Amino acid sequence: EEVSYEERTCEGGQFATVEVTDKPVDEGLREAMPKVMKYVGGTNDKGIGMGMTVPISFAVFPSDDGSLQKKLKVWFRIPNQFQSNPPVPTDDSVKIEERESITVYSLQFGGYAKEADYVAHAAQLRTALEGTATCRSDIYFCTGYDPPMKPYGRRNEVWLVKA
């Protein structure tokens, strides 16, 4: 079965990040996402809500067997009007980091994505790219475009980073 993927460049810039270790991915996300949402919503030194940008992505770190290590890092790109001077997070676990633009191979899928879905789609994409493209094996990104309350037509992607 042919896998439909695309190569895309993702914009760099200033990102709000939260890293969680020693927890499975789904559990880590439940801890990290609210922190990012609060920062974006106004829990920062300026007390201003910045509005959401999509997608929200999180980096995962595969083991040699393809399963994921108990570590993840959520990346939220700060909206353009705040890029030059992002508000300072008041929660110490939220960091502001610069990320270069990256080129990724992206595979889109629907539903409420869980760790197993991302792992399966990453493996599917890696297989499709074999012999035609090289990507990093130590990290990949999982993305979501929809708020949790959207039940249908959900868009998720897995991004393998071009080496």
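Numbers here are sequence positions counted from 1. A quick note: this is a predicted structure, and the numbers were derived from the prediction, not measured. What's counted below: heavy atoms across the whole structure, side chains too, no hydrogens, waters or symmetry copies.
- A chain of hydrophobic side-chain contacts below 4.5 Å, direct or via other Ile, Leu, Val, Met, Phe, Trp or Tyr residues, connects F109 to L160.
- Of all non-hydrogen atoms in H121 and L107, the two that sit nearest each other are O-CD2, 3.4 Å.
- Below 30°, between 30° and 60°, or above 60°: for F141 and W159 the angle between ring planes is between 30° and 60°, a tilted geometry.
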CA sep, side-chain torsions, deciding dist, call: E115, L68, side-chain contact (heavy atoms from CB on, under 4.5 Å): CA-CA 8 Å; E115 177 176 351; L68 300 180; 3.6 Å; yes
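- Inter-residue side-chain proximity for N85 and K46 is flagged as met; some heavy-atom pair is nearer than 4.5 Å.
- Here the shortest heavy-atom pairing between G51 and V40 reads O-CG1, 3.4 Å.
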Audit row: M37, I56, side-chain contact (heavy atoms from CB on, under 4.5 Å) steps and yes/no: CA-CA 10 Å; M37 296 298 157; I56 286 198; 3.3 Å; yes
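- Residues R154 and D146 come closest through the heavy atom pair CA-OD2, 3.0 Å.
- For D64, the CG atom is loosely surrounded, since the number of other residues' heavy atoms within 6.0 Å does not exceed 12.
- Q14 pairs in a side-chain hydrogen bond (donor to acceptor under 3.5 Å, both in side chains) with only one of the listed residues (R99, R77, E98), which is E98.
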Y140 vs V158, side-chain contact (heavy atoms from CB on, under 4.5 Å): CA-CA, chis, key distance, verdict: CA-CA 7 Å; Y140 63 87; V158 64; 3.5 Å; yes
Derivation and outcome, salt bridge (charged side-chain N to carboxylate O under 4.0 Å, His left out), residues R8 and E6: CA-CA 6 Å; R8 183 184 325 146; E6 69 177 25; 2.7 Å; yes
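- Of the options Y118, Y145, Y5, Y105, a side-chain hydrogen bond (donor to acceptor under 3.5 Å, both in side chains) to E157 is made by Y145 and by none of the others.
- Checking I96, D45, T43 one by one against P87, the side-chain contact (heavy atoms from CB on, under 4.5 Å) holds for a single residue, D45.
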